[in-house]
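Data first, discussion second: the structure below is written as structure tokens.
By convention in this document, chain letters (A, B, ...) are assigned in the order of the sequence lines, proteins followed by strands, and residues within each chain are numbered from 1. In this text, all values refer to a predicted model and were calculated from it rather than measured experimentally.
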Amino acid sequence: MKQSQLFTKTRKNAPADEVARNAQLLIRAGYVHKEMAGVYAYLPLGLRVIENIKQIVREEMNAIGGQELAMTTLQPKEIWEKTDRWDDAKVDNWFKTKLANGTELGVGFTHEEPIVDVLRDYVSSYKDLPFSVYQIGPKFRNELRAKSGLLRGREFLMKDMYSFAKTQQEHEKIYEGTVQAYHKIYERLGLGDFTYRTYADGGIFTDKFSDEFQTLSDVGEDTIYVDETRKIAINKEIMTDENLEKLGLDKNALVEKRGVEVGNTFHLESKYTDALDVYFTDDQGQKQSIISGCYGIGISRLMGVIAEQFADEKGLVWPENITPFKVYLVQIGDTVKQARAVYKALQEKGITVLWDDRDVRPGEKFADGELIGLPHRVVVSEKLDGQVEYSSRTGNEKEVLTVEALLAKLGN
RNA sequence: CGGGGUGUGGCGCAGUUGAUAGCGCGUCCGGUUUGGGACCGGAAGGUCGUAGGUUUGAGUCCUAUCACCCCGACCA
């Protein structure tokens with residue numbers, strides 16, 4: 001992509017009403033546009049990041065047998081009444097609306113009820129189970145207070161998977177498999193080293209704990225206690241002596257940290273399936289409850305967390321796997337021809353490039369490149385005598401290479 | 001939802017005891033520049049969040065309202 005054609009521009013100042021570092025940088029660099037409090041549009045650069053995150057999540061969900069689908073945003077109130085989650089006293093962050101004829105509708109804040117409602121059409125026998133389905137799409141929550149930029153929005157993107165099993169044992173296996181997939185996802189996103197599986201409250205309908213995935217961060221909203229050697233943590237909310245013993249955690253090994261919840265997994269037992277009257281018939285001809293689990297990952301929140309986590313004083317720093325483009329190609333002076341050749345050569349290798357072909361001074365290009373945060377910078381300049389200068393976003397050293405050497409370096 | 005704060009060109013800000021709204025960045029035109037956000041000259045762009053009110057006169061005072069931010073409570 002030529003930067004001269006990118007419709008967004010960088011800006012030197014962040015809007016005064018945006019305090020969160022992630023949103024400040026993402027806005028300054030042209031990744032997102034704030035539509036209103038807690039509601040952000042994803043601009044071309046931002047959408048590329050979002051799509052990269054989604055793709056990693058999708059691949060890992062597919063790898064454990066998840067089947068992708070897309071549920072609806074508009075929701076009939078009846079199914080939510082069956083699980084007693086329609087009443088505003090029970091769920092206070094619903095967005096609700098009405099059809100022209102007055103029929104009340106909900107705007108989806110989660111999708112347990114609708115997916116279970118779908119099962120009714122397709123699941124009746126033990127032969128139909130187990131399976132998992134997931135979707136990646138918008139969620140709407142009428143938060144009393146949106147905050148922290150992309151970390152807590154009223155409209156946000158989430159991957160939510162739901163599993164359905166014949167027995168608790170079968171469910172546990174799926175659940176653990178999903179937890180392992182989550183670890184892979186955070187690893188691939190570059191967050192593996194500081195994202196912890198964290199025991200948390202399982203909710204009112206199970207005595208099991210749920211698991212949160214907490215990325216350590218000063219801007220985190222949760223207080224967690226981390227056992228760094230075992231790579232596990234416990235949320236402050238459930239930090240009691242009794243729970244520590246139940247979980248086999250040693251209080252003395254725990255360190256208090258702040259975390260951002262970047263995912264969670266819940267045991268739902270048969271609460272939703274029973275409430276919506278969806279059962280299966282076992283091989284003895286007996287009606288049985290379906291055991292389910294739900295598994296969320298905040299896609300747009302992850303973009304915020306990653307922006308926040310890796311940024312330095314110059315701007316964003318994207319991990320290799322989710323960067324909108326791999327290379328920031330800077331053309332200095334009268335070098336269009338050479339720059340185009342490098343651009344094409346990189347692209348032929350399958351390396352994505354943002355080519356700064358603008359007619360602006362070098363300093364501005366470097367500053368913008370650093371703000372935008374692509375991992376690799378390549379400079380084409382008359383000074384380099386046909387070679388190119390390579391530097392990484394995070395390193396200080398620059399090396400002058402031939403184009404062939406550059407391709408070899410970036411091509412693996 | 002409780003407490004606190006802020007709304008003035010695209011962005012960041014100033015605007016005194018009430019008197020026809022300024023600055024920086026950005027944008028446009030012309031020129032000089034070109035390895036770290038250049039410089040010179042010119043120009044466009046604002047019913048001061050909105051609605052009432054007080055006043056000869058309101059960005060400024062009063063009332064209401066909306067939006068946004070922060071702390072708390074709640075939540076992916």
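Applying the 6.0 Å contact sphere to NZ of K9(A) captures no more than 12 heavy atoms from other residues, nucleotides or ligands.
As judged by a 4.0 angstrom heavy-atom cut-off over every strand, V330(A) is placed among residues making no nucleic acid contact. G263(A) comes within 4.0 angstrom of no nucleic acid atom, judged by non-hydrogen atoms across all strands. Within the nucleic acid shown, L384(A) comes within 4.0 Å of at least one base atom, counting heavy atoms only. F156(A) comes within 4.0 angstrom of a base, heavy atoms only.
The residue among G153(A) and V360(A) whose nearest nucleotide of RNA chain B is located toward the 5' end is V360(A). Position along RNA chain B of the nearest nucleotide to D359(A) versus K9(A) favours K9(A) as the more 5'-ward residue.
Remark: RNA chain B forms stems of 3 or more consecutive Watson-Crick or G-U wobble pairs, all pair distances under 3.5 Å, at B:1-7 with B:66-72, B:10-13 with B:22-25, B:27-32 with B:38-43, B:49-53 with B:61-65.
Going from atom NZ of K236(A) over to atom P of rA73(B) covers 10 Å, rounded to whole Å. The distance from atom CG of L144(A) to atom C1' of rC71(B) is 15 Å, rounded to the nearest whole Å. Rounded to a whole Å, the CG atom of D334(A) is 15 Å from the C1' atom of rU33(B). Computed from coordinates, the N13(A) CG to rG26(B) C1' distance equals 10 Å when rounded to whole Å. Between the CG atom of D222(A) and the C1' atom of rA76(B) there is a distance of 10 Å, rounded to whole Å. Taking atom OH of Y134(A) as the reference point, atom C1' of rA76(B) lies 19 Å away to the nearest angstrom. Rounded to whole Å, atom P of rA76(B) lies 8 Å from atom CE of M158(A). We find that CD of E143(A) is positioned 8 Å from P of rA76(B), with the value rounded to whole Å.
A distance below 6.0 Å separates the ring centres of Y390(A) and H376(A). In summary, the aromatic rings of Y295(A) and F266(A) are positioned with their centroids too far apart to meet the 6.0 Å limit. Taking the six-membered ring for Trp and the full ring otherwise, the centers of W94(A) and F109(A) sit less than 6.0 Å from each other.
Here, rG52(B) and rG10(B) have their C1' atoms 30 Å apart, quoted to the whole Å. Comparing the C1' positions of rU55(B) and rA73(B) gives a spacing of 45 Å, expressed to the nearest Å. For the P atoms, the distance from rC69(B) to rA19(B) is 33 Å, rounded to whole Å. Nucleotides rU6(B) and rU65(B) are separated by 16 Å at their C1' atoms, to the nearest Å. rU16(B) and rA21(B) are spaced 14 Å apart, taking the C1' atom of each and rounding to whole Å. Taking atom C1' on both rG46(B) and rG22(B), the two are 11 Å apart, rounded to the nearest angstrom. Spacing between rC71(B) and rG49(B) at atom P, rounded to whole Å, works out to 25 Å. Distance check on atom C1': rU20(B) versus rC48(B) gives 14 Å, rounded to whole Å.
Checked for salt-bridge contact, E269(A) and K208(A) miss the test: no charged N lies under 4.0 Å from a carboxylate O. The pair D368(A)-K365(A) does not count as a salt bridge, with every side-chain nitrogen at least 4.0 angstrom from each carboxylate oxygen. Electrostatic pairing of K257(A) and E228(A) counts as a salt bridge here, judged by a charged N lying under 4.0 Å from a carboxylate O. The pair R377(A)-E389(A) counts as a salt bridge, with a side-chain nitrogen and a carboxylate oxygen less than 4.0 angstrom apart.
Using modelled atom types, one finds no donor on one side chain facing an acceptor on the other under 3.5 Å when comparing Y225(A) with N235(A). Y175(A) and T265(A) are linked by a side-chain donor-acceptor pair at a separation below 3.5 angstrom, with hydrogens and angles left out of the test.
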Output one letter per nucleotide in nucleotides 36-42 of chain B: B when a protein non-hydrogen atom lies under 4.0 Å from the base, S when only the sugar-phosphate is that close, - when neither is.
BBB----

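Counting only distance, with no hydrogens or angles, the side chain of H111(A) and the backbone of T72(A) share a donor-acceptor pair below 3.5 Å. At distances below 3.5 Å, not a single donor-acceptor pair connects side-chain atoms of S132(A) with backbone N or O atoms of G66(A). Side chain of K166(A) to backbone of S289(A): no donor-acceptor contact under 3.5 angstrom is found.
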Distances under 3.5 Å between protein N/O atoms and the N/O atoms of nucleotides 67-70 of chain B, please, pair by pair.
unit_1  : atom_1 : unit_2 : atom_2 : d
rC68(B) : OP1    : A37(A) : N      : 3.1
rC68(B) : O2'    : D17(A) : OD2    : 3.2
rC69(B) : OP1    : K34(A) : NZ     : 2.8

